[in-house]
Amino acid sequence: KATVSVLNWFCIEEHRMMQSVNPIAQVHVPLWLALATSLLAGYALGHLGKCTAPVTTVGRAKKRGEKAFVLAVELQFKDEETAAQLIKDWTKAADWCYVNEPFLYHYEANKSDKDPLKYVIYERYNSKEDYLGAHKSSAAFNEFRPKMKALQDSGAVVVSGNSYNELGVGFV
């Protein structure tokens, strides 16, 4: 259903304001909008603070405005055995990062639904500095990276990808 109830709209706006770096902007508001807002304020005041963050189907709260540093690392393997071994090695690194890197928000390997030899590792960090510093100097990275480099050098995997800065306008 495309419509949003008034309460849901206020909840969305409340969450947007709470997660915004600068929620109050100097804006010239038309008189009709100011009146409409004040009429709805009575309704809203009784409900502000009662809103809960929207959740996913598994009950995880959705978040806005993190503006993470993102890596999307593409892996094209020559055979399934090499892919399976590298993902096994990467899983060990991921387990270490899960426990030891609070600045790492998301670290997931993805297998293509069209090409069984194509994978993407999607990484979200608090900042580029966290990736370049603490993550790249970690024990897990320094154990895993030489294994992937050896596969690259042998031609068993081709690695490509890009880095991005989130805009903070969507949600995770």
Side-chain angles (χ1 to χ4, degrees), residues 1-25 36-37 39-75 77 80 83-136 138-141 143-145 148 161-172:
K1 195 172 183 180
T3 61
V4 176
S5 74
V6 173
L7 176 58
N8 286 342
W9 180 83
F10 278 109
C11 288
I12 291 166
E13 290 306 308
E14 179 182 9
H15 290 292
R16 187 184 313 272
M17 286 176 53
M18 289 188 318
Q19 294 179 350
S20 173
V21 174
N22 183 11
I24 301 172
T37 303
L39 288 174
L40 292 172
Y43 177 80
L45 286 175
H47 296 284
L48 290 179
K50 295 180 183 177
C51 298
T52 58
V55 296
T56 67
T57 55
V58 295
R60 185 180 64 240
K62 295 179 181 182
K63 296 188 180 185
R64 289 182 180 253
E66 289 180 328
K67 297 185 179 180
F69 174 73
V70 176
L71 292 178
V73 181
E74 298 177 12
L75 307 170
F77 292 96
E80 291 185 17
Q85 183 58 52
L86 190 69
I87 293 301
K88 181 179 176 184
D89 292 337
W90 181 85
T91 300
K92 184 177 175 186
D95 290 344
W96 188 93
C97 293
Y98 179 75
V99 173
N100 296 289
E101 296 189 358
F103 53 83
L104 182 50
Y105 300 155
H106 187 115
Y107 202 54
E108 183 61 67
N110 305 272
K111 184 176 182 178
S112 171
D113 61 344
K114 296 174 182 72
D115 179 351
L117 299 177
K118 186 170 190 128
Y119 290 72
V120 171
I121 296 177
Y122 189 76
E123 308 174 35
R124 294 182 67 241
Y125 296 87
N126 179 59
S127 69
K128 186 174 187 176
E129 293 73 25
D130 287 331
Y131 164 69
L132 292 173
H135 179 74
K136 286 188 79 172
S138 71
F141 183 90
E143 182 180 331
F144 170 75
R145 186 62 181 106
M148 188 164 77
N162 287 293
S163 60
Y164 305 89
N165 292 304
E166 289 181 349
L167 300 177
V169 297
F171 65 89
V172 292

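Positions are given from 1, in the same order as the sequence printed here. Just the heavy atoms: all of them, side chains too, but no hydrogens, waters or symmetry mates, feed the values below.
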Could you tell me which non-hydrogen atom of Gly170 sits nearest to which non-hydrogen atom of Arg64, and how far apart they are? O-CG, 3.4 Å
Does Leu75 reach the side chain of Leu86, with side-chain heavy atoms less than 4.5 Å apart? yes
Take atom OH of Tyr105 as the centre, draw a 6.0 Å sphere, and report whether it contains more than 12 heavy atoms from other residues, nucleotides or ligands. yes
Gap between atom NZ of Lys128 and atom CG of Leu132 - 0.5 Å precision: 6.0 Å
Are Glu80 and Leu117 packed together at the side-chain level, in the sense that at least one heavy-atom pair is separated by less than 4.5 angstrom? yes
Can you measure from OH (Tyr98) to OG1 (Thr91) and round to the nearest 0.5 angstrom? 14.5 Å
Under a 4.5 Å cut-off applied to non-hydrogen side-chain atoms, are Trp90 and Met148 in contact? no
Nearest heavy-atom pair of Ala61 and Val55: which atoms, and what distance? CA-CG1, 4.0 Å
To the nearest 0.5 Å, tell me how far Phe103 CZ sits from Asp130 CG. 5.5 Å
Write out all pairs satisfying side chain to side chain donor-acceptor pair (under 3.5 Å) with one or both partners inside residues 112-123, taking only residues at least two apart or from two chains. Gln76-Asp115, Glu123-Tyr125
Tell me, do Lys92 and Phe144 make a side-chain contact under 4.5 Å, heavy atoms counted? no
Shortest non-hydrogen contact between Tyr107 and Cys97, atoms and distance: CE2-SG, 4.0 Å
Could you check if a side-chain atom of His106 sits within less than 4.5 angstrom of a side-chain atom of Val172, using non-hydrogen atoms only? no
Are any of the side-chain heavy atoms of Asn126 and Phe69 separated by less than 4.5 Å? no
Check Pro102 against Asn100 and note the closest heavy-atom contact, atom names and distance. CD-O, 3.4 Å
Can you list the residues that meet the salt bridge (Lys or Arg N to Asp or Glu O under 4.0 Å) rule with Glu66, with sequence neighbours excluded? Arg124
How far apart are the C-alpha atoms of Lys67 and Asn165, what are their side-chain angles, what is the distance that settles it, and do they pass the side chain to side chain contact (heavy atoms under 4.5 Å, CB included) test? CA-CA 7 Å; Lys67 297 185 179 180; Asn165 292 304; over 6 Å; no
Please give me the minimum heavy-atom distance between Glu74 and Val120, naming the atom from each residue. CG-CG2, 4.0 Å
Minimal heavy-atom distance between His135 and Phe141, with the atoms involved, is O-CB, 3.2 Å
